[in-house]
Structure formats: C-alpha cells, structure tokens
2 protein chains.
Amino acid sequence: MEYTVKKLAALAGISARTLRYYDELGLLKPARISSSGYRIYGQKEVDTLQQILFYRELGVELERIKEIITSPEFDMTSALIEHREKLLAKRKQLDILIANVERTIAFAEGRTQMSDKEKFEGFKQNMIDENEKKYGEEIRKKYGDEKVDQSYRQFKNMTKEEFNKWQELEKQIKETLKEAFLTGDPSGELAQKAADLHKQWISCSWGSYSKEAHAGLAQMYVADERFREYYDKEQLGLAEFLRDAILIYTGMKEK
Amino acid sequence: MEYTVKKLAALAGISARTLRYYDELGLLKPARISSSGYRIYGQKEVDTLQQILFYRELGVELERIKEIITSPEFDMTSALIEHREKLLAKRKQLDILIANVERTIAFAEGRTQMSDKEKFEGFKQNMIDENEKKYGEEIRKKYGDEKVDQSYRQFKNMTKEEFNKWQELEKQIKETLKEAFLTGDPSGELAQKAADLHKQWISCSWGSYSKEAHAGLAQMYVADERFREYYDKEQLGLAEFLRDAILIYTGMKEK
DNA sequence: CTTGACCTTTACGCAACGTAAAGGTGTAAG
DNA sequence: CTTACACCTTTACGTTGCGTAAAGGTCAAG
C-alpha cells in the first residue's frame with residue numbers, strides 16, 4: 001500500500017504538516033518522490049512512523065528519536081517491549097493521579113485529611129525516584145505521614161502504639177522478605193521468619209489468628225492483583241514467594 | 001504554611017521559572033510580596049496550583065485554564081469530578097495503546113496479522129469518544145480485555161472458564177452489595193447473599209475454604225487500604241459493611 | 001476545460017517554558 | 001563583621017514542535 005501525505009496523516013491521526021516536518025528533520029523520509037514532486041510513503045515508512053509515535057507519546061524529543069531509530073543497533077522488537085514497559089509505568093502514574101483526584105474530592109467534601117504534598121502526588125514524572133533518593137524518608141515524615149497515619153488509624157481504629165507496631169512490622173516483613181527472596185528457598189530460615197512476622201502483622205488487624213485464615217490470605221496474595229502488585233512492584237515474584245513461605249509456615253504445603 | 005517559589009516548586013514538582021511564568025500570565029499570583037520583593041504563596045495558592053496542574057495534565061492551554069479558574073461559575077468540586085472522568089478516559093486510551101504495542105509485538109514475531117490502521121490505534125486523541133460511541137464495548141473486548149485477562153489468568157493460573165466465573169462473581173458481589181448497603185442491615189437477606197457469593201469468589205482462587213480464613217479476610221477488608229479503597233470508592237462504608245456481613249455469615253459476630 | 005481537492009516550498013507565529021546574565025537578600029559559619 | 005552560599009529578583013533571548021498563511025503547481029471528475 002502506498003500513501004500520500006494526507007492519507008498517511010489521516011491513518012496515523014496526525015497532520016500533513018507534521019509529516020513534512022519529520023521529512024525536513026530527516027526523521028521520516030518518504031519511500032520515493034513522484035514525478036510531480038509528491039511524497040509517497042510505503043510499508044516500511046508506516047511501521048517507522050508507528051515507532052516514532054510510540055516514542056513521541058513517551059515524551060522523547062524528535063532529535064533523540066532520530067538518533068534511536070537510525071542507530072544500527074536499533075531493534076524493532078526490543079524497542080516495542082521497552083515501549084510496553086514505559087507505557088505501563090505511565091499508566092501507574094496515571095493511577096496515582098486518579099487516586100489523588102479522588103482523595104481531593106473527599107478532602108473538598110471534608111471527608112478526609114490531606115497534606116499539601118499529597119495534593120501533588122502523581123504529577124511529578126521521574127521526580128518520584130529523585131525525591132526518594134535525595135531526601136529519603138525525611139520529606140514524607142515532615143509533611144505527609146502524620147496526617148495520613150491519622151486517617152488510616154481512624155479506619156483501623158487502632159491506638160497510636162498499635163498502629164506504629166503495625167507499620168514497623170510491615171517494614172520488617174518487606175525487608176526480611178527481600179533478603180529471603182535472594183536465597184530462593186521459601187522453607188528457609190529467613191523466609192519462615194518473614195512468614196512469622198506476617199502472622200504477627202495480620203494478628204494486629206484481625207483480632208484473632210488461625211492457620212487457615214493465614215494460608216487463605218497467602219493464596220489471595222497471588223490471586224488478587226491489588227495485593228500482588230504491592231509485593232511484586234518491589235521484586236517480581238515476591239508475592240508468590242511470600243505465599244509459598246506462608247503455606248509452608250502454616251503446614252499447608254510440604255518441604 | 002507559606003512557601004517561596006523554590007519551595008512551592010519542589011512541592012509540586014515543577015520549576016521556579018514555571019511559577020514566575022504563571023505569575024506573569026496572571027494565572028497564579030502569589031498571596032503577597034515580601035518586603036524584599038520575594039513571592040510568597042499561601043494555602044489558597046497551593047490548592048489553585050493543584051487545579052492548574054490537573055488541567056495542564058489534561059492538555060488544556062494556560063490561557064484557557066486562566067479563563068476557567070477565574071470564572072465566577074468555577075466550582076472546585078465539580079471541576080475535580082470532571083478531572084476524574086477525563087483522567088479515566090485518558091487511562092482508557094492508554095490501555096488501547098498498551099494493547100496496540102502488545103499486538104504489534106505479536107505481529108513482529110509473526111504470531112498474528114495486523115492492518116496499517118490497527119498500528120495506530122490509541123494514538124489519536126478525541127478518537128476515544130468516537131470509538132466508544134461507534135463500537136461500544138466491541139473494541140475493548142477484541143483488543144484490550146482479552147490481553148489483560150490473559151496476563152491475569154497467567155498469574156492466577158486459572159482456565160478461561162474459571163476466570164470468567166471469577167470475574168462474573170466479582171461483578172455480582174458488587175451489585176448485590178450495593179443493593180444490600182441501602183437496607184443498612186448486614187444480617188439481612190441481601191447482605192448474606194453477598195457474603196455467600198464472596199465465599200464462592202475466594203473459593204475460586206484459594207483451593208480450599210474455611211470460615212476462619214473468610215472472617216480474617218473480612219477484617220482485612222477494612223484494615224488494609226488496598227482492599228478498603230476498592231470497595232469504598234464505589235460507596236463509602238461499603239468495605240465495612242461487607243466485613244460485618246461476612247462476620248455474621250461465618251458466625252463470628254452475632255445478630 | 002474548469003473546478004476543487006490535493007500537492008509543493010517558504011516563512012513567520014506561537015506556547016510554554018529553559019537558560020543565561022546581572023544583580024539584590026538572608027543567614028549561618030569563620 | 002564579613003564572607004560564603006543558597007536563595008531571590010527582572011530582563012531577555014533560545015528552543016521545540018508544530019499551526020497557519022501565502023503563492024503556486026497537479027490531478028481526477030464533471
């Protein structure tokens with residue numbers, strides 16, 4: 001299939017000017033020029049344009065895109081896989097923004113508290129990592145946490161001490177779990193310690209404890225993406241690892 | 001709390017230049033100017049900036065944003081609700097793009113066919129609404145859901161039938177629960193039906209079932225915000241209501 | 001053979017800042 | 001006390017990714 005500027009533009013949902021501009025930059029040259037000077041694009045150009053638009057969507061500058069796709073090491077398939085990852089990350093950021101707007105609505109209606117910092121959650125691009133690295137926990141402690149904790153405690157109707165213990169346990173579980181994950185053995189000492197910490201953790205919020213409930217929740221950690229993501233975003237496979245550790249801990253699984 | 005340019009910029013994840021530019025445009029004026037000529041922002045400005053960034057995120061021009069937020073009919077809460085809708089629409093578009101990149105990967109590997117038109121699905125902006133109106137659920141079913149479901153199924157290692165049942169149950173639980181919520185009685189017939197559906201639901205992903213596990217999970221529904229939000233975003237208090245219904249269903253609570 | 005929808009190049013315009021330049025301010029440490 | 005340094009100010013020009021004319025050539029249909 002061959003396309004003129006207007007036709008390719010219509011197909012891709014961009015303007016003809018954009019295509020001429022891309023030609024001018026040397027980013028996307030037409031396959032050939034017709035006898036009357038018209039730009040004619042072919043199959044290869046269609047695919048390249050798709051790549052360009054993926055990069056553009058992700059906020060890459062046109063000059064940089066040119067460098068990337070004209071590089072001899074450029075591989076279509078691995079580029080696509082990278083696009084996928086980046087798009088998923090973008091979606092996560094969007095999810096944070098949506099959570100933000102929902103929280104802000106609740107705040108406007110007086111249903112909850114909200115710190116100034118929380119009001120801008122999800123806007124920052126890669127600032128997320130930067131902030132974490134630069135200031136570590138400090139900023140969060142200073143502005144956000146006390147208020148946030150307050151509202152969480154309300155829901156969990158815990159005392160401040162109970163809540164602190166709960167939070168501390170959560171941190172310990174994650175740390176122990178990540179360390180245990182490196183051993184690869186869910187029946188090992190570290191993994192079993194994580195499972196024990198996890199038992200204490202759920203005992204905090206449930207009044208009681210039972211092996212069955214614990215094992216059941218472990219299953220849920222893998223089955224339900226709300227939980228799975230929470231652990232897997234730290235380390236892929238961590239949710240599954242925790243499940244196995246708990247199943248062994250509760251005696252629901254051998255070895 | 002009062003902020004200088006740099007501090008507010010850091011809070012919101014933008015540059016100081018941007019704040020000065022917004023001042024220049026008359027989009028966001030500081031609350032006052034210090035004796036030495038410094039811009040000082042207050043609480044009101046923080047909230048306005050949040051609004052501005054929501055609009056900016058949605059691609060609205062600064063001049064237009066100025067018109068909107070300085071309009072006498074401007075209502076914060078309804079604006080936020082609109083933001084939420086737009087952001088959800090944006091997420092839908094992103095989902096289409098993600099489905100596109102996944103399809104393109106499959107195409108590059110020769111696992112499927114793909115038309116030129118399909119290669120640009122998800123790039124176009126307002127095409128979203130058009131697509132929704134024109135094809136309704138069809139496109140999503142065809143491209144989006146199937147791929148998404150596939151990856152979920154992998155993690156849950158369910159067959160397609162099991163997965164469909166699981167999804168169907170989830171929908172029924174929500175519907176029944178919302179209806180039951182209106183009666184206000186967690187021991188009533190509808191609420192108990194929801195609890196029973198919920199039992200079936202967890203039986204799908206856990207191999208087994210126990211009352212203790214079920215009751216434990218119910219506690220977690222209120223204690224853990226990951227779960228709580230899932231139900232409370234439908235209707236505030238729904239998570240708590242479900243917990244009570246399940247506790248009664250499992251005989252862990254009287255009345 | 002004319003009309004209208006396409007195509008061409010050239011060129012200026014614009015939004016939303018980034019990036020210096022040149023200078024004043026605030027405060028903590030030597 | 002002053003010196004350093006991180007902040008603040010205004011002014012002003014630069015950049016990216018196009019939009020939008022202007023002035024003209026091309027092509028298929030009626």
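Per chain, numbering begins at 1; letters A, B, ... match sequence-line order. Source: prediction; values computed, not measured. Heavy atoms only: backbone and side chains are in, while hydrogens, waters and symmetry mates are out.
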request  = Report yes if the side chains of A/Lys90 and A/Glu57 come closer than 4.5 Å at any heavy-atom pair, otherwise no.
outcome  = yes
request  = Sequence neighbours left out, what passes ring pair (Phe, Tyr, Trp, His ring centres under 6.0 Å) with B/Tyr41? Give chain and number order.
outcome  = none
query = Hey, what bend do you get for the helix from C/dC1-D/dG30 to C/dG30-D/dC1 if you fit axes on five pairs at each end, rounded to 10°?
reply = 10°
CA sep, side-chain torsions, deciding dist, call: A/Asp47, A/Lys44, salt bridge (Lys or Arg N to Asp or Glu O under 4.0 Å) = CA-CA 5 Å; A/Asp47 292 341; A/Lys44 205 183 122 201; over 6 Å; no
key: Residues that A/Glu2 engages under salt bridge (charged side-chain N to carboxylate O under 4.0 Å, His left out), provided they are two or more places apart   = A/Arg32
key: Spacing of B/Leu62 atom CG relative to C/dA16 atom P, expressed in whole Å   = 4 Å
query = What are the residues of residues 3-18 of chain A, sorted by number, that bring a heavy atom to within less than 4.0 Å of DNA chain C?
reply = A/Thr4, A/Val5, A/Lys6, A/Arg17
request  = Say whether, by atom type as modelled, one donor and one acceptor occur between the side chain of A/Arg103 and the main chain of A/Gln113 under 3.5 angstrom.
outcome  = yes
key: Along DNA chain D, first and last positions that approach a heavy atom of chain B under 4.0 Å   = D/dC7 to D/dA12
message = At 4.0 Å (heavy atoms only), tell me whether A/Arg56 reaches a base, stays on the sugar-phosphate, or touches nothing.
response = sugar-phosphate
ask   = Which residues pass the salt bridge (charged side-chain N to carboxylate O under 4.0 Å, His left out) test with B/Arg64, sequence neighbours left out?
value = B/Glu67
key: ring pair (Phe, Tyr, Trp, His ring centres under 6.0 Å) partners of A/Tyr55, counting only residues at least two apart   = A/His83
Verdict with supporting geometry, A/Asp116 and B/Gln50, side-chain hydrogen bond (donor to acceptor under 3.5 Å, both in side chains) = CA-CA 9 Å; A/Asp116 282 353; B/Gln50 190 204 22; over 6 Å; no
key: Which residues share a salt bridge (charged side-chain N to carboxylate O under 4.0 Å, His left out) with B/Lys66, sequence neighbours left out   = none
Close approaches to DNA chain D from residues 21-54 of chain B, in residue order (heavy atom, under 4.0 Å) = B/Gly37, B/Tyr38, B/Arg39
ask   = For residues 90-119 of chain A, which residue pairs qualify under ring-ring contact (aromatic ring centres under 6.0 Å, His included), counting only residues two or more places apart or in two chains?
value = none
query = Quick check: does any side chain N or O of A/Glu85 sit under 3.5 Å from a backbone N or O of A/Glu82, one acting as donor and the other as acceptor?
reply = no
query = For B/Glu109, which residues count as a side chain to side chain contact (heavy atoms under 4.5 Å, CB included) partner, sequence neighbours excluded?
reply = A/Thr77, B/Ile105, B/Arg111
inquiry  = Holding to salt bridge (charged side-chain N to carboxylate O under 4.0 Å, His left out), I want the full list of residues that pass it with A/Asp95, two or more places apart in sequence or in another chain.
reply    = B/Arg91
request  = Would you kindly give the CD-to-P distance between B/Glu63 and C/dA16, to the nearest whole Å?
outcome  = 8 Å
